[in-house]
Novice: 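First, the structure itself, so that you have it in front of you.
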Amino acid sequence: MEGKLEARISGGRIEMKEEVTSLRAEVKEEFALVRAEVKEETSKIRVEMAQFKSEIIKWMFLFWIGQIACMAGIVKWLR
């Protein structure tokens with residue numbers, strides 16, 4: 001009786017070990033997929049930020065050129 005019980009416990013341990021190993025492999029695969037997705041999305045965001053930055057710089061220069069033109073007009077009008 002004791003031998004059968006030990007054999008069942010031993011078998012259960014082996015099954016459990018196999019299940020844990022399988023679960024670890026699945027979790028590693030999922031983490032790898034999530035990391036790849038995050039890396040891809042991060043690179044997309046960086047590209048968008050670079051484009052946005054160039055747009056802001058362009059509009060900033062247009063604003064300042066407009067301001068200079070207005071100030072020159074006011075100075076010319078006051079003389």
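Since this is a predicted model, take the numbers as computed values, not measurements.
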Novice: With salt bridge (charged side-chain N to carboxylate O under 4.0 Å, His left out) as the rule and sequence neighbours excluded, what pairs involving residues 56-70 come up?
Specialist: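 Qualifying pairs: E55-K58.
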Novice: Using the test side chain to side chain contact (heavy atoms under 4.5 Å, CB included), find all partners of K44 that sit at least two apart in sequence or belong to another chain.
Specialist: E40, E41
Novice: Looking at CD1 of I57 and CZ of F52, how far apart are the two atoms once the value is rounded to the nearest 0.5 Å?
Specialist: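 Separation between the atoms: 11.0 Å.
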Novice: Within the supplied structure, the quantity of interest is the number of heavy atoms (other residues, nucleotides, ligands) at a distance under 6.0 Å from M60 CE; does it exceed 12?
Specialist: yes
Novice: Which is it for T42 and R46 under the side chain to side chain contact (heavy atoms under 4.5 Å, CB included) test, yes or no, and what are the steps along the way?
Specialist: CA-CA 6 Å; T42 302; R46 287 182 183 191; 3.8 Å; yes
Novice: Cut-off 3.5 Å, no hydrogens considered: what does the side-chain donor-acceptor table look like for residues 17-27, sequence neighbours left out?
Specialist:
unit_1 : atom_1 : unit_2 : atom_2 : d
T21    : OG1    : K17    : O      : 2.8

